[in-house]
Undergrad: 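Below you'll find the structure I mean.
Only heavy atoms go into these numbers, but all of them, side chains included; no hydrogens, no water, no symmetry mates.
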Amino acid sequence: QVQLVESGGGLVQAGGSQRLSCAASGSILNIDSMGWYRQAPGKERELVATITSGGSTIYADSVKGRFTISRDNAKNSVLFLQMDSLNAEDTAVYYCKIRARYYLGGPFLDYWGKGTLVTVSS
């Protein structure tokens with residue numbers, strides 16, 4: 001079993017910054033990629049940013065230049081999302097996802113956290 005726990009959500013003023021963390025635990029052999037997704041009220045879940053095991057990153061156009069995804073190099077199972085210049089449109093529940101396998105030769109599976117709410121007040 002793999003568990004993901006997000007933290008760092010809360011209320012922030014427009015123009016401010018917030019840092020999210022995601023810690024993965026459990027039987028993890030290899031992590032292929034890690035990412036952040038978000039779901040705003042009344043909208044579908046969308047990609048925010050991802051980072052591969054090789055360090056390549058992808059960002060949604062709406063967050064490019066404002067958000068930075070990174071991971072703890074000492075603990076490959078810890079993921080961060082630095083969010084700057086926040087605006088009301090960034091209000092959402094933010095979810096952490098990893099693609100990992102827990103035994104050699106096994107399939108890579110997606111695991112999701114329960115989410116953390118970020119509310120940006122204007």
Undergrad: Is the ring pair Y94/F67 parallel, tilted or perpendicular, if the boundaries are 30 and 60 degrees?
TA: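 Tilted, since the angle between the ring planes falls between 30° and 60°.
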
Undergrad: State plainly whether the residues R99 and D110 are in salt-bridge range, i.e. N to O under 4.0 Å.
TA: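 Salt bridge between R99 and D110, a charged N being under 4.0 Å from a carboxylate O: yes.
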
Undergrad: With a 4.5 Å heavy-atom cut-off, do I31 and F108 have their side chains touching?
TA: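 Result no, sub-4.5 Å side-chain heavy-atom pair not found.
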
Undergrad: Any idea which heavy atoms bring L47 and A60 closest together, and the distance?
TA: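 For L47 and A60, the tightest heavy-atom pair comes out as O-CB, 3.4 Å.
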
Undergrad: CD1/I98 to OG/S77 distance, rounded to the nearest 0.5 angstrom?
TA: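 Reported to 0.5 Å precision, the distance equals 8.0 Å.
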
Undergrad: Heavy-atom distance under 4.5 Å between the side chains of R38 and V63, does that happen here?
TA: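 A side-chain contact exists here, since the closest heavy-atom pair is under 4.5 Å.
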
Undergrad: Answer whether the closest heavy-atom distance between the side chains of W36 and C96 falls below 4.5 Å.
TA: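 With C-beta onward as the side chain, the pair touches.
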
Undergrad: Quick check: is Y95 connected to M83 through a chain of hydrophobic side chains (ILVMFWY, heavy atoms under 4.5 Å apart)?
TA: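 No, M83 does not connect to Y95 through the hydrophobic network.
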
Undergrad: Could you give the distance from NZ (K97) to OG (S33), rounded to the nearest 0.5 Å?
TA: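 With rounding to 0.5 Å, NZ (K97) is 6.0 Å from OG (S33).
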
Undergrad: Looking only at heavy atoms, what is the nearest atom pair of L20 and T116, with distance?
TA: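 What the structure gives for the nearest pair is CD2-CG2, 4.0 Å.
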
Undergrad: Going from OG on S70 to CG on L79, what distance comes out if it is rounded to the nearest 0.5 angstrom?
TA: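 It comes to 7.0 Å.
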
Undergrad: Taking all non-hydrogen atoms of both residues, which atom of I69 and which atom of M34 are closest, and how far apart?
TA: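 Result for this residue pair: CD1-O, 4.1 Å.
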
Undergrad: Counting only heavy atoms not in I58, do more than 12 sit closer than 6.0 Å to its CD1 atom?
TA: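 Incorrect, the count does not exceed 12.
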
Undergrad: Looking at every non-hydrogen atom in both residues, tell me the closest pair between L29 and L104 and how far apart they are.
TA: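 The answer is CD2-N, 3.1 Å.
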
Undergrad: Before accepting this row, confirm whether a basic side-chain N of the pair E6/K114 lies closer than 4.0 Å to the acidic partner's carboxylate O.
TA: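 A salt bridge is absent here (no side-chain N lies under 4.0 Å from a carboxylate O).
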
Undergrad: Are any of the side-chain heavy atoms of R66 and D90 separated by less than 4.5 Å?
TA: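 In contact.
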
Undergrad: Is it true that S17 and D84 share a donor-acceptor pair across their side chains at a distance under 3.5 Å?
TA: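 Side-chain D/A pair, D84 to S17: present.
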
Undergrad: Is the side chain of T119 donor-acceptor paired with the backbone N or O of T91 at a distance under 3.5 Å, no angle test?
TA: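 Checked: no pair found.
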
Undergrad: Would you name the heavy atoms of K64 and Y59 that are closest together and state the gap between them?
TA: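 The pair with the smallest heavy-atom distance is CE-O, 3.4 Å.
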
Undergrad: Is there a chain of hydrophobic side chains (I, L, V, M, F, W, Y, each step under 4.5 Å between heavy atoms) that links I28 to I51?
TA: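 Cluster IDs for I28 and I51 match.
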
Undergrad: In Å, rounded to the nearest 0.5 Å, how long is the span from OG of S27 to CZ of R101?
TA: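 Here the interatomic distance stands at 14.5 Å.
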
Undergrad: Please answer: with hydrophobic residues joined when any side-chain heavy atoms are less than 4.5 Å apart, are L117 and W112 in the same cluster?
TA: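 The answer is yes; both residues are in one hydrophobic cluster.
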
Undergrad: Identify the two heavy atoms, one from S122 and one from A14, that lie closest to each other, and give their separation to 0.1 Å.
TA: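 Shortest heavy-atom contact: CA-CB, 4.1 Å.
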
Undergrad: Are F80 and Y37 grouped together when hydrophobic residues (ILVMFWY) are joined by side-chain heavy atoms under 4.5 angstrom apart?
TA: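 Per the 4.5 Å side-chain linkage, F80 and Y37 are not co-clustered.
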
